[in-house]
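Naming: A, B, ... by sequence-line order, numbering from 1 per chain.
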Number of protein chains: 2
Amino acid sequence: MRKRRAANLLTEVELEFMTALWALGRGSVRDILDRLPEGRALAYTSGATVMRILDDKGFVESTKEGNVLVYEPVLAKDEYQKRSLENLSKTLFDDTPANLVVRLVDDGGLSDEELEEIRAILNRRLGDHDR
Amino acid sequence: MRKRRAANLLTEVELEFMTALWALGRGSVRDILDRLPEGRALAYTSGATVMRILDDKGFVESTKEGNVLVYEPVLAKDEYQKRSLENLSKTLFDDTPANLVVRLVDDGGLSDEELEEIRAILNRRLGDHDR
DNA sequence: CAATCGTTACTAATTTATTAGTTTGACAAG
DNA sequence: CTTGTCAAACTAATAAATTAGTAACGATTG
């Protein structure tokens with residue numbers, strides 16, 4: 001028996017595949033390969049290997065349907081986003097997510113609309129009725 | 001001549017070392033190893049290798065001082081934070097940083113104080129009239 | 001039934017990352 | 001001057017990630 005490698009974060013290629021799978025909901029190796037970005041040429045067998053690894057690591061689960069393995073995420077995209085943010089916050093922002101937002105806001109990559117949107121979210125969250 | 005490996009993002013170990021170097025401002029291999037977190041035992045030569053690689057990749061530069069190489073960052077921590085956020089946003093949040101903040105805020109890992117702090121930053125940035 | 005097609009399982013090759021050993025050279029202590 | 005120490009440069013060993021080839025197998029069809 002193989003199984004159980006366990007890892008916290010996805011590698012680059014794994015993330016590519018998970019992104020396709022999250023978009024699909026569920027799918028076979030073929031489905032997933034088809035969903036990969038344009039130029040991405042990869043042998044079928046390579047794709048199958050990546051999916052097996054993701055299965056080993058517990059990021060997906062597979063069920064045999066007819067003669068095809070259909071994969072689906074065990075870890076939701078939301079969850080993984082959260083995990084990634086925690087990691088980034090921990091490794092690069094003193095474990096203080098607010099610092100991360102400061103950098104984001106200060107660095108001017110966001111439009112006023114986006115900033116407003118974020119403020120709206122905060123207002124909703126904080127229930128700030130004084131306005 | 002070696003040099004020029006070029007890479008966009010730091011590996012895990014490289015980030016550890018850069019974090020120490022950013023905190024120090026500048027320092028030798030010895031200085032940096034001393035600044036690594038408690039349990040982190042690593043041979044001196046391993047540390048020297050990591051620093052050489054960071055030099056090769058252009059993340060740091062070195063100057064011989066006496067008989068010791070003193071390293072300092074070429075890439076500021078701010079810049080690298082920005083780069084990391086861009087990467088995360090691109091790979092996991094549809095290239096829309098606001099989504100990233102939404103996840104952060106929605107997932108309840110932040111205290112009210114932190115949320116307030118972030119809102120204050122936004123208000124400052126947007127010019128908080130109306131309140 | 002035999003050939004073939006699509007798929008999984010297994011194995012392997014290559015590359016990159018991580019850690020550390022060996023060699024060499026500078027220089028300070030005796 | 002010889003010896004010991006320290007650091008740098010080079011080399012090497014191990015591990016992990018990435019890509020793909022080969023074998024094997026079941027289903028379909030000519």
Side-chain angles (χ1 to χ4, degrees), chain A residues 1-21 24 26-37 39-72 87 91, chain B residues 1-21 24 26-37 39-72 87 91:
Chain A
M1 176 161 287
R2 222 178 327 81
K3 282 276 177 186
R4 281 319 84 133
R5 264 193 258 189
N8 220 24
L9 296 174
L10 298 164
T11 67
E12 208 172 308
V13 175
E14 286 168 1
L15 177 56
E16 261 183 88
F17 277 66
M18 284 303 289
T19 297
L21 186 58
L24 279 168
R26 58 204 310 281
S28 65
V29 171
R30 179 67 60 202
D31 296 333
I32 293 163
L33 283 174
D34 289 347
R35 221 39 88 97
L36 257 34
R40 191 67 161 115
L42 207 49
Y44 178 88
T45 50
S46 306
T49 300
V50 173
M51 291 315 296
R52 182 178 51 72
I53 291 170
L54 283 169
D55 199 351
D56 292 352
K57 291 186 178 174
F59 287 112
V60 303
E61 65 185 9
S62 57
T63 50
K64 194 113 191 171
E65 242 158 71
N67 55 344
V68 177
L69 277 185
V70 174
Y71 292 95
E72 67 193 302
N87 175 260
T91 56
Chain B
M1 175 161 288
R2 220 177 329 78
K3 281 279 178 185
R4 283 319 87 131
R5 264 193 258 191
N8 219 23
L9 295 174
L10 298 164
T11 67
E12 208 172 307
V13 176
E14 286 167 0
L15 177 55
E16 264 184 84
F17 277 66
M18 284 303 288
T19 297
L21 186 59
L24 279 167
R26 58 203 312 280
S28 65
V29 170
R30 180 68 62 200
D31 297 333
I32 293 164
L33 282 173
D34 289 348
R35 220 39 87 98
L36 256 36
R40 190 66 160 118
L42 209 48
Y44 176 88
T45 49
S46 305
T49 300
V50 173
M51 291 314 297
R52 181 177 53 70
I53 290 169
L54 283 169
D55 200 349
D56 292 351
K57 290 186 178 175
F59 287 112
V60 303
E61 64 185 8
S62 58
T63 49
K64 195 115 192 171
E65 242 159 71
N67 55 342
V68 177
L69 275 185
V70 174
Y71 292 96
E72 65 192 304
N87 175 260
T91 56

Query raised in the report: Taking the side chain from A/Asp56 and the backbone from A/Ile53, do they hold a donor-acceptor pair closer than 3.5 Å?
Result: no
Students often get this wrong, so: under 4.0 angstrom with heavy atoms, is [X] touching a base, only sugar-phosphate, or nothing?
X       : result
A/Thr45 : base
A/Ser28 : nothing
A/Ala43 : sugar-phosphate

[X] side-chain N/O to [N] phosphate OP1/OP2 under 4.0 Å:
X       : N      : result
A/Thr49 : C/dA9  : no
A/Ser46 : D/dA20 : yes
A/Arg40 : D/dT19 : yes
B/Tyr44 : C/dT19 : no
B/Arg30 : D/dA7  : yes

Interatomic distance where [atom1] belongs to [X] and [atom2] belongs to [N] [whole Å]:
X       : N      : atom1 : atom2 : value
B/Asn8  : C/dT16 : CG    : C1'   : 16 Å
B/Leu54 : D/dA8  : CG    : P     : 14 Å
B/Asp56 : C/dA17 : CG    : P     : 12 Å
A/Asn67 : C/dA9  : CG    : C1'   : 15 Å
B/Glu16 : C/dT19 : CD    : P     : 7 Å
A/Ile53 : C/dT8  : CD1   : C1'   : 14 Å
B/Ile32 : C/dT19 : CD1   : P     : 15 Å
B/Arg52 : D/dT11 : CZ    : P     : 10 Å

Name the closest nucleotide to the [X] side chain, picking from [options].
X       : options                : value
B/Lys64 : C/dT8, C/dT18, D/dA8   : D/dA8
B/Leu42 : C/dA20, C/dT8, D/dA8   : C/dA20
B/Val29 : C/dA17, D/dA8, D/dT18  : D/dA8
B/Lys57 : D/dT18, C/dT18, C/dA17 : C/dA17

Query raised in the report: Roughly how far, to the nearest 0.5 Å, is CG of A/Leu10 from OG1 of A/Thr19?
Result: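 Result: 8.0 Å between the selected atoms.
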Query - Atom pair CG/CG of B/Leu69 and B/Asp55 - distance to nearest 0.5 Å - result: 8.0 Å
Query raised in the report: Should we count CD of B/Glu65 as having more than 12 external heavy atoms under 6.0 Å?
Result: yes
Requested in this report: Taking the side chain as every heavy atom from C-beta outward, state whether B/Thr63 and B/Arg26 have any atom pair closer than 4.5 Å.
Outcome: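 Yes, close enough: below the 4.5 Å cut-off.
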